Every structure is written in C-alpha cells, then in structure tokens.
Amino acid sequence: MAQEAYNPQELEPRWQKRWAEEGTYRSAEDATKEKAYVLDMFPYPSGEGLHVGHPKGYIATDVVSRHARMQGKTVLHPMGWDAFGLPAENFALKNKVHPRVAVEKNIARFKEQLQKIGFDYDWSREINTTDPSYYHWTQWIFLKLYEHGLAFRSEEPINWCPSCKTGLANEDVEQGRCERCDTPVEKKVLPQWVLKITDYADRLLHDLELLPKWPEHIKESQRNWIGRSEGAEIDFAVSGLEKPVTVFTTRADTLFGATYLVLAPEHPALAMLAPHLSNRAEVSAYVAQAAQASEIDRTAEGREKTGVRLEGVSSTNPATGAQIPVYVADYVLGSYGTGAIMAVPAHDERDFAFAQKFGLLIKRVVEGGELPYVDDGALVDSGDYSGKESAATRAEITARYGRAVVKYKLRDWVFSRQRYWGEPIPIIYCEKCGAVPVPYEDLPVRLPEVEHYEPTGTGESPLAAISDWVNTTCPKCKGAAKRETNTMPQWAGSSWYYLRYMDPQNEHELVSGKREKYWAPVDVYVGGAEHATRHLIYARFWHKFLYDIGILSTKEPFTELHSVGLIIAEDGRKMSKRFGNVVNPDDIVAEYGADALRVYEMFMGPFENAIAWNTQSLVGARRFLDRVWRLAGMVQEEDVPALASPLAKTIQKVGDDIRAFRFNTAISQMMIFLNAAEDAKAIGKGEWRAFLKILAPFAPHITEELWYASLEEGSVHTAAWPTFDPALLVEDEVEIAVQINGKTRGTITLARDASEEAALAAAKEIPAIAAGFAGRAPSRVIYVPGRILNIVVEK
RNA sequence: GGGCAUGUGGCGGAAUUGGUAUACGCGUACGUCUCAGAAGCGUAUCCCGCAAGGGUUGGGAGUUCGAGUCUCCCCAUGCCCACCA
C-alpha cells in the first residue's frame with residue numbers, strides 16, 4: 001500500500017462532507033431493529049464559543065452512538081440549542097445586539113465548531129428552543145399544566161435578583177445569591193406564575209428507584225433537594241386566637257421540653273394577634289425589617305439569632321399544660337413546614353442559642369451528653385413517657401397530641417421572569433373573565449420584536465411597554481383584555497426538548513404517539529453534574545405530568561445517566577475568557593486533527609473525573625494515530641497467529657468499556673494491541689479490518705480513510721461490530737506468582753488447570769523458594785489455579 | 001454544620017473486584033538515524049542500595065494465608081447543600 005503521510009487536515013473535512021452528502025448518520029424508525037437514543041445536554045450558544053471542555057461529553061455520546069449503530073441498532077443522536085434565558089439575554093445586552101441576532105450568530109459559530117470534530121449528529125433533527133414552532137409546544141405544556149391545576153397565580157413573596165431584575169426560582173438561588181450574577185437575593189412580593197412541582201415530590205423521590213443506571217451521587221443530591229422528612233403537626237393554643245397555631249416537628253418525643261413557641265415573620269397569625277399585643281409597634285417593625293432583609297442577611301453564617309417576644313400573648317404546651325411565651329423570629333422560615341415551631345432549647349442547637357440570648361427556660365427531657373443534646377436517649381421529666389427511649393415514643397406522642405405528616409424541602413417552581421428573552425406565558429387577563437388561557441389553536445403566542453428589551457426593574461416585563469402586543473381581546477367574551485407580559489424561565493425549553501428530537505417537524509402534536517413509543521425513553525444521557533437538582537428534576541417533573549395526561553408512555557425520561565467531568569485549564573483554573581486560559585478546539589483540530597482531539601479527550605482519564613488539559617499529552621494521541629496509519633503498510637493476506645488472542649481480548653474489552661463509559665481503558669487496550677502488531681511487524685487483513693472497526697467510533701476519519709484504502713464496501717461506520725471466538729480469551733499457559741507467607745518470591749509458568757502437586761513441584765525449582773522452606777515443611781499451602789501459590793511456613 | 005466524591009511514580013492514570021501494584025500514555029535520560037536539527041525508531045525510567053536485598057498505594061490500627069481493594073479511627077482535597085425544626 002502506498003504510504004503517504006497521515007494528513008488529517010486534508011482527509012477529515014473530506015469525509016465530513018461525504019458523510020453529510022450520503023446521509024450516513026440519518027436516523028429513521030425501523031421496527032425490525034433495536035433503537036438507541038443517545039443524548040447530550042444541549043448547550044446555550046454563548047458568545048464565547050466552544051472551548052475544548054465542551055466536546056468531551058459530546059465525544060462520549062458520539063462513541064456510544066457509533067458503537068450502537070455498528071451493533072445494528074437504529075440510532076438517534078441529535079443536537080440543538082437551548083437559546084432562551086438570562087445568559088443569552090445578558091450577552092445581547094452587553095454587546096448591544098438584539099438577543100435573536102446574537103443567538104443566531106452564536107449558533108452558527110457553535111455549529112461550525114462542532115462540525116469540525118466529526119460528530120455523527122443527524123442535523124436534520126436540529127432544534128432551537130427560541131423557534132416559535134418549538135416554543136409553541138412549551139406554551140402548550142404550560143396550558144396543560146394550567147388546565148390540570150398545576151400552574152397557578154401566587155402573591156407570595158419570592159426571590160428577586162436586583163441585578164438581573166427578575167424573580168428567581170428556589171433552584172436559581174445559591175447560598176442566598178443569584179446563581180447567575182452572584183448578587184444577594186431579595187424578597188419581593190410580585191404576582192407570579194408558579195408550578196406545583198410539590199405535588200410530584202413523593203413520586204420524584206420514589207421513582208429514583210426506577211433508575212438503577214443513574215450515578216448514586218446524583219440520585220442522592222435529588223433526594224436531599226426534595227428533602228422528605230417525616231414528622232408531626234401539633235396544635236398549640238394561643239391566647240387571643242380562636243384557632244390554635246400548628247407547628248411542625250420531627251421530634252415529637254421532646255414535646256415536654258417545648259418551653260416557647262416561635263412564629264416566622266411571614267406567619268399569618270401575626271396579623272390576628274396584633275390587637276392583643278402590648279408591643280405592637282416593636283413587633284411590626286421587626287416583621288417589616290425581616291421582610292426587607294436579603295436572604296443572605298438572614299442566613300449569614302454565625303449570625304446572632306434575633307426575634308421579638310409577643311408581649312401580652314401566651315401559648316400552652318399541650319403535654320405539660322405550662323404557659324409558654326410566644327416569639328416572632330426570622331430563624332423560623334415561613335416557607336417550610338407550617339411556618340411555626342415549638343422550641344425545645346435543650347435538644348435543638350438553634351433553639352438553644354435563641355433561648356440563651358433571651359434568657360428562656362431550657363428544660364432537659366432526654367438524657368445524654370451536654371446541652372444542647374440532639375441525639376436520642378431515655379426520656380426524663382416527660383410524664384408517662386419518662387424512662388422510655390425517645391426514638392420509640394415519637395409515634396406514640398405524635399398520635400396522642402398531634403398528627404403524623406410528611407414535609408418536603410422542595411418548593412413550588414416560580415415560573416415567571418420579568419425579562420424579554422423567554423417564552424411568553426400564554427395567558428390573557430380580562431376584567432370580566434379574569435385570567436383566561438390562550439386557546440390552543442392560537443398558539444404560539446409569539447415573542448414580539450422590540451427596540452428595547454432591557455429589564456425595567458419595576459417588576460414589569462419589558463413586554464408590558466409594547467401596547468399593540470399587550471392589548472388584545474378576551475378569548476372568552478371578546479372584550480378588551482391584556483396579555484400576560486412575564487416570560488418563562490430559562491429551564492422551560494430544556495424540560496422537554498428530548499421529546500422534540502423524536503418528531504421535530506410535527507406541527508400538530510408535541511410528539512406523535514407512534515414516534516414516542518419507538519424512541520422513548522432516552523437510553524443514554526450525558527451532561528454536567530451541576531444539573532443534578534435543576535434541569536434533571538424539572539424534566540422529570542414535566543415528563544411525569546405528560547405521562548399522567550396520556551401523552552407519554554414512560555414514567556422516566558432518561559434511563560441511563562452519566563455526568564461528564566470538567567476539563568480544567570492547564571493552569572488548574574476553570575477555562576474562561578476572563579483568565580485567558582481557553583483552548584479553542586478549532587486550533588487543536590487545525591494542528592493535530594479532530595481524531596487526535598477525540599482520542600485524547602477519551603484517553604485523558606475516567607470520564608467523570610475533572611482533569612486538566614495538557615497539550616503535551618495530546619501529542620501522544622496523535623502519535624498513536626500516526627502509528628495506526630503506518631500499520632497499514634504491514635497488512636498482509638494471512639492472519640498473524642500471535643495476534644489472534646490479543647485481538648479477541650481487545651475486541652471484547654473495547655466493546656465492554658464503551659458500554660460502561662470506560663473510554664480511557666478501551667483506548668489503552670487498543671494501544672496494547674497496536675504494540676503487539678508492531679512487534680509482529682505484520683497484521684492480517686481480517687485482523688486489520690476488525691481493528692479499524694473498533695477504533696472507528698473514537699477516530700472516525702482516519703479509520704474511514706484506511707477502510708476505503710483497503711477496498712472495503714461502504715463505510716466502516718455502518719459495518720458490523722466485530723465478533724471474536726471466546727476460546728481465544730482463555731490462555732492455556734499462565735504465569736502465576738509464588739509467595740512464601742504472602743510475600744512474592746518468584747513466578748512459575750504452568751498449565752491453567754495444573755494440580756497443586758505440579759505447582760508445588762515447579763515452585764521448588766526456584767532457589768528463593770527452596771531456600772524459603774530451608775528444611776521445614778510447609779504448614780499450609782494455598783493454591784488458586786491460574787492465580788496464586790502461597791506457601792505458609794511457620795517461623 | 002450536613003451530604004457526596006476522591007487520595008496510587010515527576011504528571012494523567014491502570015489493577016480481571018481480596019491474588020505478581022505502578023498496565024497504557026505524557027515527561028525525562030541515553031542510544032540510533034542525520035551535515036545538523038525536527039520527526040521516527042530502540043533501550044531505560046516507583047523509591048533506597050554498587051549488589052544481594054529491602055521498602056512502597058495520604059497516616060494509624062484491624063480482619064485475612066494474602067489488602068490499593070474489606071472494617072474502624074484520623075488527615076487532606078474537591079463538589080453540592082445549608083437556620084428546612
């Protein structure tokens with residue numbers, strides 16, 4: 001075979017063009033074949049373009065999907081754009097271009113960069129969340145949620161980012177700061193659309209058991225986020241109130257130690273108690289201050305507890321009958337439990353700190369260590385329950401004084417954003433008819449073109465200023481009406497996009513039942529672990545809802561999940577324009593080739609690990625491909641006996657490793673095989689063919705070029721994955737270690753199933769072993785055929 | 001404070017799940033080729049030791065014929081959550 005130098009710069013674009021022309025990777029339903037739906041979390045087309053970290057997950061799904069195709073499956077491996085939301089809009093604002101224009105430009109750039117890497121995406125299924133034909137169905141799902149009572153208007157105070165000038169969901173707040181811009185979040189009362197995700201809390205939790213192929217750490221963070229806790233609601237009578245105040249506690253067993261009651265500043269009973277208070281002004285000042293304080297002020301680490309006693313009012317401990325004081329304090333959250341607690345300072349750290357500061361009674365009711373003592377133990381000073389174990393009495397005390405309940409930390413999903421660049425919420429307000437959903441046949445409600453799309457900061461969306469868009473007629477009474485001007489949050493479009501790929505051109509349905517039944521669910525899903533508690537919970541929620549209303553046939557959207565480890569910069573920091581340490585894949589492709597980039601990123605280390613980029617190491621991947629290229633010159637007609645067993649092992653390991661996402665060891669095994677072929681200075685044609693096939697998912701261009709050069713029919717990428725004879729995996733002769741007292745003293749080579757006598761005899765040939773017994777008889781011999789011979793000699 | 005990970009050569013990492021620790025690759029050194037260099041190729045490369053030998057998987061203890069792997073206690077690092085009663 002003629003040996004020209006390996007030139008990826010020439011051959012890679014040539015093959016990319018040809019694959020596109022021939023539709024090599026087109027997906028089509030085929031009822032006679034098994035399907036494989038392999039999906040990447042789709043990117044926000046940011047203005048910075050791709051850096052080398054982005055493609056890592058995409059390369060992995062590319063390898064998996066190519067492998068599935070070669071196994072004879074029909075493959076759906078699509079790509080699209082999550083282009084609504086704050087990042088896109090903030091980029092547009094900063095660069096003074098319309099978000100639509102910026103997004104179009106960024107998408108073009110992203111797509112060009114991706115195409116250079118040679119992915120097997122079926123671009124005919126490309127989607128874009130900002131396309132009206134796409135958000136038509138996002139709005140449709142919202143209307144369905146509304147129809148089923150899962151979307152409702154709320155006037156509760158919500159998280160507000162003063163910098164982004166919009167409300168935020170609980171999930172968008174990190175340690176009291178806006179997840180996007182790090183500004184401390186404030187509380188603000190705004191009418192908001194809210195999705196009742198809490199109705200699905202128990203199913204989102206329990207159905208994690210249906211997902212054995214998800215990483216345990218992701219499931220665990222979802223469990224923690226949903227935050228189920230079993231406890232009790234107990235009623236405390238309060239003077240001046242007709243109805244008792246209900247508290248939530250997980251420690252009903254400590255009821256006898258409850259020495260005061262605390263209401264959150266948001267608690268509704270405060271208004272009714274106001275007339276009975278002798279320090280009314282002080283209390284309302286405290287409440288007002290708490291309402292204003294940012295989340296960060298309220299939850300700052302080591303912050304002193306604050307609160308005000310409700311003078312002139314008292315409560316009764318239902319177990320002891322004792323009169324106990326009532327406080328309002330912001331360490332009790334209005335949005336969790338019942339917004340009120342019974343304080344047991346002896347057995348709760350927060351109550352203890354508060355009681356110490358305010359000089360309140362601290363009554364021990366559980367025996368154990370120093371106060372505050374939060375563990376279980378024997379009860380004391382607890383009436384009939386004294387002497388019993390605290391854990392064992394929890395249910396009893398709950399039954400006698402209250403009711404068993406389950407609470408969740410998960411909050412309902414605040415779904416309105418006061419920003420321009422999002423899906424309009426399809427609701428119309430009529431003075432006569434109230435909030436009226438836009439009729440399904442009028443969807444999509446298009447986002448109007450505007451001159452000014454900057455956030456107003458008033459709590460109104462920029463859309464409110466566009467009067468000919470806002471003013472409309474009521475679908476019910478045909479009277480004058482106004483449109484909802486808030487838009488949906490960034491997470492809306494991504495909560496169902498995986499369904500659209502199955503049926504991207506469908507104008508009449510979200511997805512046709514036939515196609516959904518063929519492709520759903522996603523078999524392999526890959527993306528960043530940072531989405532564990534947002535995207536992955538929201539998507540599961542919508543999926544379950546769509547299942548409930550009969551649109552979908554599966555309970556869970558993603559069967560198998562893998563989180564991709566970050567590629568950090570060579571300097572150990574995150575890759576970012578800010579630090580000037582970004583490596584652009586275009587440059588790597590231009591210098592070393594796409595195949596070298598792909599092999600390197602898969603070879604770097606375990607897929608889930610965060611690993612620093614190292615251009616020097618990438619050279620090793622390129623060298624490997626150069627050597628493969630040169631191996632083409634050693635191809636001969638007859639197979640090489642020395643390669644039979646290594647090849648079988650390599651075929652098996654590469655296949656197994658791809659399915660298990662162990663790409664690094666798959667590549668090292670191919671390197672081992674290449675070393676063996678080079679040592680043999682020859683490779684048979686059949687062996688060469690098999691080797692090209694298993695390398696093809698990782699390095700699709702070079703393998704295709706060499707495949708065609710060997711005059712094969714068609715593309716290597718649609719060829720059948722090679723098989724091997726399992727008998728070749730079993731070696732007849734094995735080398736095993738010989739140990740004296742567990743320390744290796746030498747090795748012997750013998751038949752795999754050799755007897756213990758034979759092994760011992762062979763071992764005695766080794767001088768170090770013979771010296772090891774030195775006249776003494778072994779007291780014990782452990783022989784594991786094919787593994788180890790360990791001789792125990794008493795000292 | 002809580003949860004989840006992770007700790008193996010100069011570096012990225014491997015180890016059939018309790019059986020020869022350091023595969024594969026990077027880097028480095030020497031050699032070869034060359035007028036010379038690059039690339040390529042070859043050899044070596046965990047540590048101590050001239051050697052025989054000895055030691056080594058963050059530290060310590062334990063179980064076992066045998067531990068990187070299992071158990072317990074520390075230490076360190078990373079990520080996520082955090083006044084959730």
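To find a chain, count down the sequence lines: A is the first, B the second, and so on, and within it residues start at 1. Since this is a predicted model, take the numbers as computed values, not measurements.
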**Prompt:** R622(A) CZ to G25(B) C1': how many Å, rounded?
**Reply:** 16 Å

**Message:** Regarding K305(A), tell me which of base, sugar-phosphate or nothing describes its non-hydrogen contacts under 4.0 Å with the strands shown.
**Reply:** base

**Message:** Suppose you measure atom C1' in G9(B) against the same atom in U22(B); what distance do you get, rounded to whole Å?
**Reply:** 7 Å

**Prompt:** OP1, OP2 of A85(B) versus side-chain N and O of Y331(A): anything below 4.0 Å?
**Reply:** no

**Item:** Heavy-atom check, side chain of R627(A) versus side chain of L631(A), under 4.5 Å
**Value:** no

**Request:** List for me each residue that meets side chain to side chain donor-acceptor pair (under 3.5 Å) alongside D351(A), sequence neighbours excluded, and say none if there are none.
**Result:** Y331(A)

**Message:** Output the rounded distance in Å from CD (Q222(A)) to P (C81(B)).
**Reply:** 13 Å

**Prompt:** How long is the line joining CG of L566(A) and C1' of G12(B), in whole Å?
**Reply:** 16 Å

**Prompt:** Taking the same atom, C1', in G49(B) and in C11(B), what whole-Å distance lies between them?
**Reply:** 26 Å

**Contacts of type side chain to side chain donor-acceptor pair (under 3.5 Å), residue K407(A), not counting sequence neighbours** = E233(A)

**Prompt:** Within this structure, what is the CE-to-C1' distance between M670(A) and G25(B), rounded to whole angstrom?
**Reply:** 13 Å

**Prompt:** Between the side chain of R598(A) and the main-chain N/O of V63(A), is any donor-acceptor distance below 3.5 Å?
**Reply:** no

**Prompt:** Between E349(A) (CD) and A85(B) (P), how many Å, whole number?
**Reply:** 13 Å

**Message:** In whole Å, measure the gap between the C1' atoms of G55(B) and G68(B) for me.
**Reply:** 16 Å

**Message:** For a quick check of understanding: with a heavy-atom distance under 4.0 Å over all strands, which category does G337(A) fall into, base, sugar-phosphate or nothing?
**Reply:** nothing

**Asked** Between A85(B) atom P and L261(A) atom CG, what is the distance in whole Å?
**Response** 17 Å

**Prompt:** Is there a donor-acceptor pair closer than 3.5 Å between any side-chain N or O of N317(A) and the backbone N or O of A258(A)?
**Reply:** yes

**Request:** Name the nucleic acid region contacted by S229(A), choosing base, sugar-phosphate or nothing; use a 4.0 angstrom heavy-atom cut-off, strictly under.
**Result:** sugar-phosphate

**Message:** We want to know whether S390(A) and D376(A) form a side-chain donor-acceptor pair, criterion being a heavy-atom distance below 3.5 angstrom.
**Reply:** yes

**Dot-bracket line, read 5' to 3' along RNA chain B, where crossing pairs take [ ] and | marks a partner on another strand, Watson-Crick or G-U under 3.5 Å** = (((((((..(((......[....)))((((((.......))))))(((....)))..(((((..]....))))))))))))....

**Item:** Separation of the P atoms in A21(B) and G27(B), to the nearest angstrom
**Value:** 29 Å

**Asked** With a 4.5 Å limit on heavy-atom distance, are the side chains of L360(A) and P325(A) in contact?
**Response** yes

**Item:** Expected output: side-chain N609(A) to main-chain G565(A) donor-acceptor under 3.5 Å
**Value:** no

**Message:** Just to be sure I understand the rule, does E530(A) reach a base, reach only the sugar-phosphate, or reach nothing, if contact means heavy atoms closer than 4.0 Å?
**Reply:** nothing

**Request:** Could you measure between the two P atoms, the one in G60(B) and the one in C24(B), and give it in whole Å?
**Result:** 30 Å

Mind listing the N/O atom pairs, protein and nucleotides 3-11 of chain B, below 3.5 Å?
residue, atom, partner, partner atom, Å
G3(B), O2', N224(A), ND2, 3.1

**Message:** Taking the P atom in each of U45(B) and G1(B), what is the distance between them to the nearest angstrom?
**Reply:** 48 Å

**Euclidean distance for P, A29(B) against C35(B) (whole angstrom)** = 24 Å

**Complete:** Of the candidates C24(B), A21(B), G13(B), the side chain of T744(A) sits closest to A21(B)

**Asked** Can you name the ring pair (Phe, Tyr, Trp, His ring centres under 6.0 Å) partners of Y286(A), sequence neighbours left out?
**Response** none

**Prompt:** Quick one: does L211(A)'s side chain get under 4.5 Å of R540(A)'s, heavy atoms only?
**Reply:** yes

**Message:** Without decimals, in angstroms, what is the distance between K649(A) NZ and A14(B) C1'?
**Reply:** 12 Å

**Asked** Which ring pair (Phe, Tyr, Trp, His ring centres under 6.0 Å) pairs, counting each pair once, include a residue from residues 598-623 of chain A, with sequence neighbours left out?
**Response** Y600(A)-W613(A), F607(A)-F661(A), F607(A)-F663(A)

**Item:** Per P606(A) side chain, nearest of listed nucleotides G13(B), A85(B), G25(B)
**Value:** G13(B)

**Request:** Classify the nucleic acid contact of I341(A) as base, sugar-phosphate or nothing, counting any heavy atom under 4.0 Å across all strands shown.
**Result:** base

**Prompt:** Whole Å only: how far is the CZ atom of F248(A) from the C1' atom of A85(B)?
**Reply:** 8 Å

**Prompt:** Where each residue is assigned the nucleotide of RNA chain B containing its nearest heavy atom, which of Y336(A) and I788(A) is assigned the position nearer the 5′ end?
**Reply:** I788(A)

**Message:** Measuring only between side-chain heavy atoms, which start at C-beta, is F358(A) closer than 4.5 Å to P345(A)?
**Reply:** no

**Complete:** Whichever of R534(A) and M342(A) has the more 5' nearest nucleotide on RNA chain B, that residue is R534(A)

**Prompt:** The side chain of D330(A) lies closest to which of these nucleotides: A85(B), G25(B), C83(B)?
**Reply:** C83(B)

**Counterpart residues, ring pair (Phe, Tyr, Trp, His ring centres under 6.0 Å), relative to F691(A) (two or more places apart)** = F673(A)

Show each protein N/O and nucleotides 60-69 of chain B N/O combination with a separation under 3.5 Å, one pair to a line.
residue, atom, partner, partner atom, Å
C65(B), OP1, R780(A), NH1, 3.0
C65(B), O2', N790(A), ND2, 3.2
C65(B), O2, N790(A), ND2, 2.5

**Request:** Could I get the full list of side chain to side chain donor-acceptor pair (under 3.5 Å) partners for R622(A), not counting sequence neighbours?
**Result:** D626(A)

**Asked** Tell me, which of residues 656-668 of chain A have any heavy atom that sits under 4.0 Å from an atom in RNA chain B?
**Response** N664(A), T665(A), S668(A)

**Asked** So, do T259(A) and I362(A) sit near enough that their side-chain heavy atoms are less than 4.5 Å apart?
**Response** no

**Asked** Rounding to the closest angstrom, what is the interatomic distance between G31(B) and C65(B) at atom C1'?
**Response** 46 Å

**Message:** Between F624(A) and L695(A), is there a side-chain heavy-atom distance shorter than 4.5 Å?
**Reply:** yes

**Asked** With sugar-phosphate meaning primed atoms plus P, OP1 and OP2, does N675(A) contact a base, only sugar-phosphate, or nothing at under 4.0 Å between heavy atoms?
**Response** sugar-phosphate

Tabulate atom names and distances for all N/O pairs under 3.5 angstrom spanning the protein and nucleotides 38-41 of chain B.
residue, atom, partner, partner atom, Å
G40(B), O3', R630(A), NH1, 3.4

**Prompt:** Under 4.5 Å between any side-chain heavy atoms of I197(A) and I537(A), yes or no?
**Reply:** yes

**Request:** For G60(B), measure the glycosidic angle (O4'-C1'-N9-C4 for a purine, O4'-C1'-N1-C2 for a pyrimidine) and name it syn if it falls within 90° of 0, otherwise anti.
**Result:** anti

**Request:** With sequence neighbours left out, write down each residue that passes salt bridge (charged side-chain N to carboxylate O under 4.0 Å, His left out) with E608(A), or none if nothing qualifies.
**Result:** none

**Check ion pair D656(A)-R662(A) (N to O, under 4.0 angstrom)** = no

